[in-house]
2 protein chains.
Amino acid sequence: MARSASAMRGQILKSALRLFSVHGFRGTSLQDIASDVGCSKASLLYHFAGKEKILTELLTPTQDALAELLDRVAGLTGGRLVEETVVGYVDLTLRFRREIRLLFEDITEMSCHQDLNVMELADGLLDALAGRSHRAPARVAAWMVLGAVFITSAADGEVAPDEVLRAEMIRSALRTLDHTPS
Amino acid sequence: MARSASAMRGQILKSALRLFSVHGFRGTSLQDIASDVGCSKASLLYHFAGKEKILTELLTPTQDALAELLDRVAGLTGGRLVEETVVGYVDLTLRFRREIRLLFEDITEMSCHQDLNVMELADGLLDALAGRSHRAPARVAAWMVLGAVFITSAADGEVAPDEVLRAEMIRSALRTLDHTPS
DNA sequence: ACCGTAACTGTCCGATCGGTCAGAACTGAC
DNA sequence: GTCAGTTCTGACCGATCGGACAGTTACGGT
């Protein structure tokens with residue numbers, strides 16, 4: 001054995017992401033991951049300080065991408081704000097499908113996770129989707145788009161090919177937000 | 001102690017629903033429920049054959065209500081079908097908020113649950129929301145409404161008062177489905 | 001060839017899980 | 001008061017969890 005450390009870490013993350021996205025974080029034991037990787041459970045804990053750290057490392061890119069999206073639309077307003085946010089959000093969920101899947105599998109415990117501030121990022125996303133409006137219709141519609149894209153992306157790809165899925169999700173989301181295309 | 005059996009069962013179900021909806025099924029131990037009820041863990045297992053049976057009993061009313069909805073719209077077509085389905089679905093998720101919450105907390109393990117065929121009911125709902133269409137745009141939009149109402153109802157009630165939430169969810173959902181009000 | 005270090009593992013640990021069981025505690029009918 | 005039956009509990013069980021740790025193996029620089 002004794003592969004390079006970074007290669008081993010990569011394999012662990014790959015197996016963990018697959019198993020977490022199927023069985024959830026709690027539903028996947030360190031032994032499950034170790035068996036999938038083909039190493040001992042102790043080896044996992046040599047490369048990662050704990051089970052939680054694996055999760056953190058898996059979700060950090062998603063979190064960063066979301067933060068980057070919010071930063072990108074921070075200066076926009078009106079129709080441009082909504083359009084850019086919707087497209088960015090749809091692309092993000094399609095790119096990080098399995099991460100999204102495991103994210104809403106254990107969403108309640110994520111909220112009290114120290115290293116992951118997904119919830120406040122979700123708040124920012126909600127705000128942008130609502131076009132910075134605080135009126136109830138806009139807020140409700142924003143919540144609905146948040147959940148709609150979330151679940152549709154996380155669903156097993158039986159729905160439609162990715163290209164079609166992407167286009168239709170964007171169109172549907174803009175309809176939900178009562179956005180008249182510019 | 002020694003309350004009546006039915007009263008005790010009711011208290012257990014009440015506590016279990018609250019704890020399950022917050023921490024999930026796996027995240028709630030029998031000891032947690034027992035402590036909340038104020039009895040011993042063994043007492044729970046006297047009234048219920050196992051932890052799973054508590055879950056089954058909690059979700060059966062939701063399942064029945066969904067089946068009843070599908071039965072009710074089975075004969076409809078076109079605009080009436082979509083309208084009735086959306087309104088019925090929104091009302092259902094608002095009525096069974098906490099059940100919905102715990103349902104999508106552990107949705108992957110639900111799919112292989114023997115006593116609960118939620119997944120095939122969800123398929124029926126999807127079909128009705130899509131207006132029985134098999135075209136990709138309609139299917140994607142149906143998926144999105146499914147997830148949107150799901151999550152918006154499950155979200156903690158910070159969004160809007162229930163009456164406003166209901167009306168806006170219905171309007172937004174119909175927009176998502178590109179439904180022109182009759 | 002040697003050796004320090006990085007990579008890895010077998011084994012053990014305490015905690016907690018769902019569930020079992022014999023028996024105590026309570027209840028209502030008589 | 002007595003007693004049968006329902007309700008309830010403490011103690012215990014095997015399984016499994018995340019994690020700790022000493023010891024072993026493999027590798028690269030010298």
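Letters go in sequence order (proteins before strands), and every chain restarts at 1.
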| said: Of the options C/dG19, C/dT9, D/dT9, whose atoms approach the side-chain atoms of A/Cys39 most closely? | reply: C/dT9
| query | Does any N or O donor sit under 3.5 Å from an N or O acceptor when you compare the side chain of A/Lys51 with the base of D/dG19? | reply | no
| field | Pair B/Glu83 + B/Arg80, salt bridge at N-O below 4.0 Å | value | no
| Under 4.0 Å between a side-chain N/O of A/Ser43 and OP1 or OP2 of C/dT9, yes or no? | yes
| task | Return the value, rounded to whole Å, for the distance between atom CG of B/Asp32 and atom P of C/dC17. | result | 6 Å
| query | How close or far is atom P of C/dC26 from atom CE of B/Met8, stated in whole angstroms? | reply | 14 Å
| remark: When rounded to whole Å, the CG to P distance for the pair B/Leu44 and C/dG18 reads 10 Å
| message | Please report the distance, rounded to the nearest Å, between CG in A/Leu45 and C1' in C/dC13. | response | 14 Å
| task | Please work out if B/Leu30 contacts a base, only the sugar-phosphate, or nothing of the nucleic acid, heavy-atom cut-off 4.0 Å. | result | sugar-phosphate
| request: Under 4.0 Å between any heavy atoms, over every strand shown, what does A/Ser29 touch: base, sugar-phosphate, or nothing? Just pick one. | output: sugar-phosphate
| query | Should the pair B/Asp32-B/Lys41 be classified as a salt bridge under the 4.0 Å nitrogen-to-oxygen rule? | reply | no
| remark: Per atom distances to the B/Ser40 side chain, the nearest of C/dT20, C/dC8, D/dT9 is D/dT9
| Whole Å only: how far is the CD1 atom of B/Ile33 from the P atom of C/dT16? | 17 Å
| Hey, are A/Glu68 and A/Arg72 close enough for a salt bridge, meaning a charged N less than 4.0 Å from a carboxylate O? | yes
| query | Roughly how many Å is it from CD in A/Gln11 to P in C/dA7, rounded to a whole number? | reply | 14 Å
| task | Ignoring backbone atoms, establish whether A/Tyr46 has a side-chain N or O less than 4.0 Å from OP1 or OP2 of C/dC8. | result | no
| request: May I have the distance from B/Gln31 (atom CD) to D/dA11 (atom P), rounded to whole angstrom? | output: 13 Å
